[in-house]
Amino acid sequence: MSIDKALNEIKRATAEIIDFEAIEKLVTDYFESGKEYSVKLGLDPTSPDIHLGHTVILQKMATFQKYGANIQLIVGDFTASIGDPTGKSETRKVLSFEEIEKNAATYKEQIFKVLDESKTTVYFNSEWLDKLGSRGMVQLTREYSVARMLERDDFEKRYKSGKSISVSEFLYPLMQGYDSVALKSDIEIGGTDQKFNILMGRHLQRSYGVGKEQAVLLMPIIEGLDGVQKMSKSLNNYIGVTDAPNDMFAKIMSVSDELMWRYYDLLSSKSIEEIERLKAGVEGAEVHPKKVKEDLAYEITARFHSEDDAKAALEAFNKQFKQNQIPDDIPEFDLEEGIWICKALVESGIEPSTSQGRRDIKQGAVRINQEKIGDEQLKLSKGEYILQVGKRKFAKVKVG
RNA sequence: GGUGAGUUACUCAAGUGGCCAACGAGGGCAGACUGUAAAUCUGCUGGCUUUCGCCUUCGGAAGUUCGAAUCUUCCACUCACCA
């Protein structure tokens, strides 16, 4: 493995690198003398499970681990009590300490599906931030001016558009930056939305005389299933790492071809060359794009579940969508005889309300045993039925 | 602390006494077309044991009125300017 190849993989799909020379030197030193270095990642444990967007960064950290990095995983238990203002149009809600602890545990479990645990150290930033005390905190706030703080994009936007900014939110970047001082990190990774916070680390390392300034590697924010907006839980366009294998597989299959390549770059473990080969294959019409997408869905599903799960998901997917068959594992419900169809749809959890059910029947989206129905007054007589709404919502009901 | 403006459904945003379950846009869901694609076109998008009917919604509470998202009062929150 050459240094150049290592550096190329490190550079792959990054949005921005600040002080690449420093990274080059660290990696070169490792190759020449085996000297290791540290890469920092801050985690905001406000949401208990992570989605593929987060794993873009993990993937990059895994690459670093191959080339001599020790990962400093910082659970922002202290900072989470403030709430990261990043990308938020409103002041964030704060979480209780118990919730944060619980979320952090879930986080770690999921993260080690991608990272090598033996080359990772987990820290809680309350460890040093608690010790800082009021005096230390005030000293920290002296290191930055309000005007510069307001330069930050999302602060500026909120300020200009008349949204509220809490003073405590100014502390967030300062404290995240202080983490880099406490741990003397060599490199920090984050999403592009973290640029300000991460650069603060550089600034503070200088002010506090750490003797080095961390290099910064920013990863792009991955687009969600819609291909336009960033992947996020609140937009409901995410693929969670804890999604069931079949869901995960199906979600990846539903992205556009264009987005698929983006996902390849950001998420796949395939090398740059392999991906280029696939691209050329599709362009030359030698490979069907659906096949390429299946491979990606398979790879990701296998990563977070298992090979067997991925195989099963692939089969189930083709069965359900390609051959229009009913999936194997659909929920079952016992219902009373003579139940109104709309009510049955609600009871079996595939419609949120009878009104919605009625609308969908009118549009011909509802099927019983694969037969489209048009009568919204229908009552179900004794027997077993497969109810279906659209292409992906199913339920088996036993009536009577 | 003072003055002024504002708070409408998932989001943005119209509506300033009855024609309002509330214009429009985005999003979402569904239908057609497909590779479960994407793009495009079309419909729907508060709830209700049953829909040319009924019920609950427009920051919260109370009131005026035959009738309130719209008027009044108080409260909460947000913003701007002044201190």
Side-chain angles (χ1 to χ4, degrees), chain A residues 87-93 155-167 169 223-239 243 246-264 282 285 287-298 301 313-327 335-347 349-367 370-380 387-394 399:
Chain A
K88 290 288 156 180
S89 52
E90 278 166 42
T91 305
R92 269 205 183 179
K93 288 187 186 68
F155 280 147
E156 195 189 348
K157 272 190 201 136
R158 277 163 65 185
Y159 191 68
K160 279 191 176 151
S161 69
K163 298 263 167 54
S164 79
I165 301 170
S166 147
V167 173
E169 291 177 76
E223 292 81 359
L225 297 173
D226 52 85
V228 180
Q229 290 187 277
K230 66 171 190 174
M231 184 176 286
S232 89
K233 203 166 186 179
S234 51
L235 292 170
N236 198 28
N237 63 357
Y238 70 103
I239 303 170
D243 282 356
N246 286 5
D247 285 346
M248 186 179 273
F249 195 97
K251 279 183 183 177
I252 296 168
M253 288 307 288
S254 78
V255 306
S256 71
D257 290 359
E258 206 185 327
L259 190 60
M260 166 178 82
W261 294 120
R262 181 91 171 132
Y263 279 18
Y264 256 111
V282 169
V287 188
H288 196 290
K290 185 174 178 248
K291 172 79 177 77
V292 180
K293 207 181 284 176
E294 270 174 0
D295 288 348
L296 178 69
Y298 187 94
T301 308
L314 172 66
E315 278 166 29
F317 176 81
N318 280 328
K319 193 176 164 199
Q320 182 178 350
F321 294 107
K322 207 171 177 179
Q323 299 156 33
N324 269 320
Q325 286 179 14
I326 292 157
L335 301 173
E336 278 172 33
E337 194 174 346
I339 190 166
W340 176 36
I341 176 64
C342 292
K343 193 76 181 168
L345 291 169
V346 175
E347 293 279 316
I350 53 182
E351 287 286 24
S353 69
T354 54
S355 298
Q356 182 63 44
R358 189 190 296 273
R359 287 192 285 267
D360 280 337
I361 290 171
K362 263 184 207 156
Q363 294 198 98
V366 177
R367 288 160 197 269
Q370 316 245 48
E371 288 291 317
K372 204 177 274 192
I373 59 162
D375 179 14
E376 57 188 74
Q377 310 285 347
L378 189 76
K379 286 189 170 72
L380 296 180
L387 304 183
Q388 179 182 356
V389 176
K391 278 174 234 166
R392 52 190 79 202
K393 281 174 282 185
F394 294 90
V399 177

Any strand: nucleotide that pairs with B:G35 via Watson-Crick or wobble, under 3.5 Å: none

Work out how far the P atom of B:G24 is from that of B:C44, and round it to whole angstrom. 11 Å

Measure the OG-CZ distance between A:S353 and A:R359 for me, rounded to the nearest 0.5 Å. 5.5 Å

Checking the side chain of A:Q320 only, and the main-chain atoms of A:K391 only, is there a donor and an acceptor separated by less than 3.5 Å? yes

Can you spot which of A:T354, A:D375, A:I373 makes a side chain to side chain contact (heavy atoms under 4.5 Å, CB included) with A:I341? A:I373

Between B:A39 atom P and A:M260 atom CE, what is the distance in whole Å? 15 Å

So does A:Q363 reach the base of B:G31 with its side chain, donor to acceptor, closer than 3.5 Å? no

Give the rounded distance in Å between these two atoms: CD1 of A:I341 and C1' of B:C48. 17 Å

Is the distance from OP1 or OP2 of B:G31 to the nearest side-chain N or O of A:R367 less than 4.0 Å? no

When the C1' atoms of B:U8 and B:G15 are considered, how many whole Å apart are they? 9 Å

Report the base-pairing partner of B:U56 (Watson-Crick or G-U wobble, both distances below 3.5 angstrom), or none. none

Can you work out whether A:V389 or A:Q229 has the more 5'-proximal nearest nucleotide on RNA chain B? A:Q229

Regarding the side chain of A:H288, the nearest nucleotide among B:C29, B:G35, B:U45 is B:G35

Roughly how many Å apart are B:A30 and B:A39, using the P atom of each and rounding to a whole number? 15 Å

Among B:G28, B:U49, B:C33, which nucleotide sits nearest the side chain of A:K391? B:C33

Counting distance alone, no hydrogens or angles: does the base of B:G27 have a donor or acceptor under 3.5 Å from a partner atom on the side chain of A:D226? no

Working for side chain to side chain contact (heavy atoms under 4.5 Å, CB included), residues A:M231 and A:N237: CA-CA 6 Å; A:M231 184 176 286; A:N237 63 357; 4.3 Å; yes

Please report, rounded to the nearest Å, how far the C1' atom of B:U49 is from the NZ atom of A:K379. 7 Å

Atom C1', compared across B:G6 and B:G60: separation rounded to whole Å: 16 Å

Measuring only the C1' atom in each nucleotide, how far is B:A5 from B:U11? A whole number of Å is fine. 22 Å

Need the pair for B:A68. Rule: Watson-Crick or G-U wobble, both distances under 3.5 Å, any strand; none if unpaired. none

Which nucleotide, if any, forms a Watson-Crick or G-U wobble pair with B:U49, using both distances under 3.5 Å? none

Roughly how many Å apart are B:C81 and B:G46, using the P atom of each and rounding to a whole number? 39 Å

Complementary nucleotide for B:C12 - Watson-Crick or wobble, under 3.5 Å: B:G24

Calculate the interatomic distance between A:L225 atom CG and B:A39 atom C1'; express it in whole Å. 17 Å

Nearest whole Å is fine: how far is B:A38 P from A:L259 CG? 11 Å

For A:W340, check ring pair (Phe, Tyr, Trp, His ring centres under 6.0 Å) against everything at least two apart and list the hits. none

Going by purine N1 to pyrimidine N3 plus the second Watson-Crick contact, or the G-U wobble pair, all under 3.5 Å, which nucleotide sits opposite B:C29? B:G43

Whole-Å P distance, B:U49 and B:C55: 15 Å

Taking the same atom, C1', in B:C33 and in B:A14, what whole-Å distance lies between them? 35 Å

Which nucleotide, B:G35, B:U49, B:C48, lies nearest any side-chain atom of A:S355? B:C48

Considering only side-chain heavy atoms of A:T354, which listed nucleotide, B:G35, B:A38, B:U49, is closest? B:U49

Nucleotide paired to B:G1 in any strand shown, Watson-Crick or G-U, under 3.5 Å: B:C82

Regarding A:S353, tell me which of base, sugar-phosphate or nothing describes its non-hydrogen contacts under 4.0 Å with the strands shown. sugar-phosphate

When you compare the side chain of A:E169 with that of A:F155, does any pair of heavy atoms fall below 4.5 Å? yes

Start at the 5' end of RNA chain B and walk down; is the nucleotide closest to A:L378 or to A:F249 reached first? A:F249

Counting N and O atoms only, with roles assigned by atom type, does the side chain of A:K251 sit under 3.5 Å from a partner on the main chain of A:Y238, one being a donor and the other an acceptor? yes

Could you tell me whether A:E294 and A:K290 have a side-chain N and a carboxylate O separated by less than 4.0 Å? yes

When the distance from CG of A:L345 to C1' of B:C29 is rounded to whole Å, what number comes out? 14 Å

What's the CD-P distance between A:Q356 and B:G28, to the nearest Å? 15 Å

Assign A:K293 to base, sugar-phosphate, or nothing according to its heavy-atom contacts below 4.0 angstrom with the strands shown. base

Whole Å only: how far is the CZ atom of A:R392 from the P atom of B:A30? 7 Å

Identified pairing partner of B:A76, criterion: Watson-Crick or G-U wobble below 3.5 Å: B:U7

